Amino acid sequence: MEYAFRDIEQKWKKYWNDNKVYKVSNDSPKPKFYILDMFPYPSGAGLHVGHPLGYIASDIYARYKRLSGYNVLHPMGYDAFGLPAEQYAIETGQHPAVTTEKNIARYREQLDNIGFCFDWDREVRTSDPKYYKWTQWIFLQLFHSWYDRSENKAKNINTLIELFEKEGNKNTPSPGNADLSFDADEWEAFSEKEKRDVLMSYRLAYLSFAEVWWCEALGTVLANDEVVNGVSERGGHPVEKKRMRQWFLRITEYADRLLGGLDKLDWSEAMKEMQRNWIGKSMGAEVSFSLTPTLSEGEGDVTQIKVFTTRPDTIFGVDFMVLAPEHELVDKITTETQRQAINEYKQYVKSRSERERMTEVKQVTGCFTGAYAIHPLTEKEIPVWISEYVLAGYGTGAIMAVPSGDERDHAFAKHFNLPITNIFGDKYTGENAYSEKTGKLENSGFLNGIEIAQAIDIAIAAIVNAGKGRKKVNYKLRDAGFSRQRYWGEPFPVIYRSLTPALSKGEGDVAQESIPYTTDETIFDEYPELQKLPVELPKVDTYSPGPEGQGPLANLSNWVDTPGGKRETNTMPGYAGSSWYFLRYMDPHNDEAFADRKAIDYWSAVDIYIGGSEHAVGHLLYSRMWTKVMYDLGLIGFDEPFKKLINQGMIQGSSRFVYLNREHNTFYTFNRVNPPVGLGKIETLRADVSFVNGTELDIEAFKKWRPEYANSEFVLDTDGKYHCGVEVEKMSKSKYNVVNPDDMVNQYGADTFRMYEMFLGPVEMSKPWDTKGIEGVHRFLKKMWRLYNDEQKGWVVTDEAASEAELRILHKTIKKVGEDIERFSFNTSVSQFMIAVNELTALNCHKCEVLEKLAVLICPFAPHFAEELWHQFGHNTSVMDASFPKFEEKYVTENSKKYPVAVNGKTRAELEFALDAEQSSIEKEVLADPTIIKWMEGKAPKKVIYVKGKMINVVV
RNA sequence: GCCCUGGUGGCGGAAUUGGUAGACGCGCAGGACUUAAAAUCCUGUAUGCAGUAAUGCGUGUACGGGUUCAAUUCCCGUCUGGGGCACCA
């Protein structure tokens, strides 16, 4: 009986399905374990072999945990809202819901092929109204919440209103508007609009303004992704930034907790470091620079520019100031003579992405405003410039420039011929800024001769004393933009209620004149149909954008206009649905709540979360924030969503190339063009990997694929084959290097495919796919199969007692595989299986005592294979209900070891000693060994290093 | 540019806490079985030098330094591949 993997896999897939083997209950006496994969975006291209890598790893771990006695939650779903589906809809007119559905069906089919133990009854889709009902509901909670800094937690906005009624906002400054100040009486006197505006500056979900990429030609807002080299990806039209009213999440209020929370997480240091850098906490000072009264014309209220600096010690080195071109003071301080130049420069900056502004540091640009500021300590007049290297979103959007101490300031000063004050003495060469934080300051007034580290505090004290600033903690983290001018996303449960003419003051646009209310507010009590969730995404006829950069929903006037007012036409961004989906899996069909509290308390936080490191800061940070908000509001009992994080690497594509001399219509094999001597002009073309075996090209298949080369000559290698060139690249359709898991499963079976994906290398590492190598793993499974089944004789397992050597192999394997799974080292466990099978085959072992346990052991890796063997052993329940074999020390203990013996660190001999041997007896024997004596060359041993169980080293 | 991460045979990789570098697999070469092929099995395979050979000696973990009895592993510097940089998901 041979290893008929196709029949075996079909049979058990059906069995698992029919018997609901992977059904998970929320009610179990077993300890829980929650292992989660980052759910995929179902793209039209389907899965390639890189996608399942993490899923296979988590599947192995999930099965291992289940075999070890846990109730394991291992769900899967789809992050189904997103730009590509909408893009496709624009191009083809097909509704994103339809294409998404189709893509999901395809994904599901591909996933099913691989034999995962997902409980599909718990599947979630973010685009399903039953799901996004709760995304919208959570948005409402965010809207109705503010962050109480005194208690360090989010609370219902009503508690803030109570506070305002009692004492105004003197003890609760607004995070969104630092200048806002009112007392209880003033609050009482505010109009409804004024009150709502005040509250808006506190809410965790709030409206403000942000810049987006606007493409006039396409009449739409573009994602960063859709802007390539400063023009739109589609059509290559010019783009510029446009300020729009947008929803935001006030994640900055959580900056400190998001930072502190990292310490207790079992994530890689790299991942934590990326989040720390993203949050970007820095200590420094906020310093106010006054403008010179003579030069700042009119506009009496503009008297100060605030900067944030982490280096207040360098304050005596300030030679000029730079504002972000978007800074609100720029227009006010610019002098008439400079106005045109400034406007032109601002226009230029509008075309620049933030990335370009950060990256292209060698290209120095800027413009003088004509205004001067007064140095807060020396009262020197310093010019105020604007430049793209200062970003509006960081700090105060303005800097004090210290050219002798900061590289970019230095380059700027050199470029515009601004004077440079040296405050570092010899340390500053005049060539480069001195940006290290050691050394003594010079030319710095009262800071002269003081070490930089100490000078920081002294400088801050002096600035505070002079009333020119304060100590400040700054975060790089910015509030998260939460609006997209798109169709395929969650609609907001928000309605803008127009003001009655009596209440509305002044002009302004509609948005300014109306007040945003969420649909659940009492103001809509008379329209209960408006208050219901979900606010369903209406069907549209066209996916083209609405007027003035609004999303496509703006075109649906009968949807936008409600008896209560106009609906919000933006939709939520991709990370809305993915910020909380791990909670929904716990109780996916609940229509009364996002999940039942009992289920949440049972499953609690995700024990292991697996996904790509590209989500290091986006998704993972937003999820952490949502979790903290929900924890603060008492909705869940934990404040970190993912206890342990594993980052899987990418599987890269391995592209194949052929080499053409077009003139002679001849293709040359790789070796012939390497080097390409005397062959004329050689073009490198891609060949689809599907008709290349290793590097050998199937010439006929290639000609069929590219008929224009049907008559081409092929110059072969000495072995009579045409060999392709190889390069490792990203796996993508356009590179013709995509390998479909379906094909692999078809040819070798799911079990081989699973084991091979793991065998390729460590899960966390990126590595290229090599189809050729899969045969080795397939051979291994066949070889293991033969321990149980002979081609002629069939079942050959016997009841004979196992030998010591056989039991040692088994227990060595149990130990190694168990430990390897625990540390997510699956490639080495596959190796161990191979070693075990090689050794057992050599011993001609067919003993039940060894092989039954081995079958269970391999179940996490090759579940169909294991299930078949398990039933062959006569069991009639699933192998998933077996227990992971127990490792027993006694079978593997050895009492002696062959030690490598080195002289001066170089291994020269191998000697065997008992493990409990004393150093003195070992020394005696080692020094008596002829090889060792030879290498000691007559010198006396200085010392003999003996590391028990490891090695011996003689130092002479 | 900034942040994170990797670099070990022809290839994927192993070496878990500083202790015999190259496990396991692919590929390649040779052989067995076969009319032949497939499948299967066996042997060899980092590299240089010496030797018919067993083997011996040297070099070697991107590069250059350092710490140590001992470094793929720790430290400093350089080169280089990959990921992220706030509207791709």
Side-chain angles (χ1 to χ4, degrees), chain A residues 2 38-41 43 79 81-84 87 210 212-213 221-227 246 268-271 273-274 276-278 280 354-355 357-362 389 393 407-408 476-486 573-575 578 612-619 621 647 649-650 652 654 694-695 726 728 730 756 759-762 764-770 772-777 779-780 782-783 786 791 819-820 823 825 827-828 830-835 838 898-907 910 942-945 947 949-956:
Chain A
E2 62 172 5
M38 288 186 189
F39 61 168
Y41 174 79
S43 87
D79 190 10
F81 275 133
L83 210 46
Q87 203 61 261
V212 291
W213 281 120
V221 171
L222 298 175
N224 285 341
D225 226 37
E226 300 173 293
V227 178
Q246 315 256 324
S268 71
E269 259 322 298
M271 201 55 49
E273 195 58 25
M274 277 191 262
R276 285 189 195 111
N277 290 334
W278 186 266
E354 215 166 89
R355 179 85 53 87
R357 288 168 60 172
M358 287 188 291
T359 306
E360 295 164 15
V361 290
K362 284 184 185 126
Y389 82 92
E407 209 41 68
R408 287 169 308 176
K476 206 158 76 190
L477 184 71
R478 310 205 287 255
D479 279 343
F482 200 65
S483 292
R484 299 293 182 265
Q485 293 70 41
R486 298 287 174 177
Y575 64 83
S578 61
S613 62
E614 66 271 24
H615 299 284
V617 279
H619 161 60
L621 204 63
N647 289 116
M650 275 201 325
Q652 296 147 310
S654 185
T695 58
V726 176
V728 172
K730 225 181 193 145
Y756 183 56
F759 187 60
L760 274 178
E764 310 84 8
M765 229 73 97
S766 288
K767 58 247 156 185
W769 177 260
D770 170 26
K772 201 91 186 154
I774 197 170
E775 283 169 23
V777 174
R779 273 200 277 272
F780 151 74
K782 285 199 280 190
K783 190 167 181 178
R786 286 197 300 271
E791 216 166 303
E819 286 172 357
D820 282 354
R823 65 188 180 103
S825 175
N827 54 329
T828 51
V830 175
S831 295
Q832 181 56 40
F833 278 120
M834 289 174 169
I835 293 167
N838 286 346
K898 282 182 178 159
Y899 283 91
V901 185
V903 178
N904 278 346
K906 282 201 192 299
T907 306
E910 193 176 65
K942 271 193 205 145
K943 110 170 118 157
V944 177
I945 292 157
V947 184
K950 298 277 188 193
M951 48 69 69
I952 296 160
N953 187 14
V954 182
V955 185
V956 295

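Keep in mind that the numbers below use all heavy atoms, side chains included, and drop hydrogens, waters and symmetry copies. Below, chain A is the first sequence line, B the second, and so on; all start at residue 1. Just so you know, these numbers come straight off a predicted model, no measurement behind them.
- Residue contacts for Lys942(A): at a heavy-atom cut-off of 4.0 Å it reaches no nucleic acid atom on any strand shown.
- For Lys782(A) (side chain) and Glu2(A) (main-chain N/O), no donor-acceptor pair under 3.5 Å exists by modelled atom type.
- Counting non-hydrogen atoms under 4.0 angstrom, Glu791(A) reaches nothing in the nucleic acid.
- You'll find the side chain of Tyr899(A) stays beyond 4.5 Å of the side chain of Val947(A), heavy atoms only.
- Ring geometry for His615(A) versus His619(A): interplanar angle over 60°, hence perpendicular rather than tilted (30 to 60°).
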Checklist entry - Could you walk me through whether Arg276(A) and Glu273(A) pass the salt bridge (Lys or Arg N to Asp or Glu O under 4.0 Å) check? => result CA-CA 5 Å; Arg276(A) 285 189 195 111; Glu273(A) 195 58 25; 3.1 Å; yes
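- A syn base is found at rG9(B): its glycosidic angle is within 90° of 0.
- Using a 4.0 Å heavy-atom distance criterion, Ala270(A) is classed as a sugar-phosphate-only contact.
- Here, rU61(B) and rU55(B) have their C1' atoms 26 Å apart, quoted to the whole Å.
- With both ends at atom P, the span from rC26(B) to rC42(B) equals 12 Å, rounded to whole Å.
- Residue contacts shown for Asn827(A) are limited to sugar-phosphate atoms, with no base heavy atom under 4.0 Å away.
- Nucleotides of RNA chain B lying under 4.0 Å from heavy atoms of chain A occupy a range whose first and last members, 5' to 3', are rG1(B) to rA89(B).
- For the pair Arg484(A)/Leu83(A), no side-chain contact is recorded, criterion being any heavy-atom separation below 4.5 Å from C-beta on.
- As judged by a 4.0 angstrom heavy-atom cut-off over every strand, Trp213(A) is placed among residues making no nucleic acid contact.
- Side-chain atoms of Val830(A) and Tyr756(A), non-hydrogen and from C-beta on, never get closer than 4.5 Å to each other.
- Using atom C1' as the reference point in both rA36(B) and rA32(B), the two lie 16 Å apart (nearest Å).
- In this structure, the side chains of Phe81(A) and Arg486(A) stay at 4.5 Å or more apart for every pair of heavy atoms.
- Among the protein residues, Arg408(A) comes within range of no part of the nucleic acid, since none of its heavy atoms lies under 4.0 Å from any strand.
- Contacts of Pro40(A) with the nucleic acid, taken as non-hydrogen atoms under 4.0 Å apart, are absent.
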Checklist entry - Going through the checks in order, is the side-chain hydrogen bond (donor to acceptor under 3.5 Å, both in side chains) test met by Lys783(A) and Asn838(A)? => result CA-CA 8 Å; Lys783(A) 190 167 181 178; Asn838(A) 286 346; 2.9 Å; yes
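- At the heavy-atom level, His619(A) lies nowhere under 4.0 Å from the strands shown.
- Here Ile945(A) lies in heavy-atom contact (under 4.0 Å) with a base.
- Taking the C1' atom of each, rG58(B) and rC3(B) are spaced 43 Å apart, rounded to whole Å.
- For rA86(B) and rG66(B), the P atoms lie 43 Å apart once the distance is rounded to whole Å.
- Between the C1' atoms of rC87(B) and rU72(B), the separation comes to 43 Å (whole Å).
- Using a 4.5 Å heavy-atom cutoff, the side chains of Gln652(A) and Ser654(A) are not in contact.
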Checklist entry - How does RNA chain B read in dot-bracket, base by base from 5' to 3', with Watson-Crick or G-U pairs under 3.5 Å and | used when the partner is on another strand? => result (((((((..(((......[....)))((((((.......))))))(((((....)))))..(((((..]....))))))))))))....
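- Contact annotation for Ser483(A): base contact, defined as any heavy-atom pair under 4.0 Å involving a base atom.
- Residue contacts for Arg779(A): at a heavy-atom cut-off of 4.0 Å it reaches the sugar-phosphate backbone alone, with no base atom in range.
- Across all strands shown, Ile952(A) has no heavy atoms under 4.0 Å from either base or sugar-phosphate atoms.
- Gly82(A) comes within 4.0 angstrom of sugar-phosphate atoms only, judged by non-hydrogen atoms across all strands, and of no base.
- Ring pair Phe833(A)/Phe780(A) is tilted by interplanar angle, where 30° to 60° counts as tilted.
- Each of Ser613(A) and Pro573(A) lies near RNA chain B, and the nucleotide nearest Ser613(A) is the one positioned closer to the 5' end.
- Within 4.0 Å (heavy atoms only), Glu614(A) reaches at least one base atom of the nucleic acid.
- Taking the P atom of each, rG84(B) and rU16(B) are spaced 31 Å apart, rounded to whole Å.
- Checked against side chain to side chain donor-acceptor pair (under 3.5 Å), Gln832(A) has the following partners two or more places apart in sequence or in another chain: Thr813(A).
- With P as the reference atom, rG19(B) and rG51(B) are 38 Å apart, rounded to whole Å.
- Both Glu819(A) and Lys767(A) lie near RNA chain B, and the one whose nearest nucleotide falls closer to the 5' end is Lys767(A).
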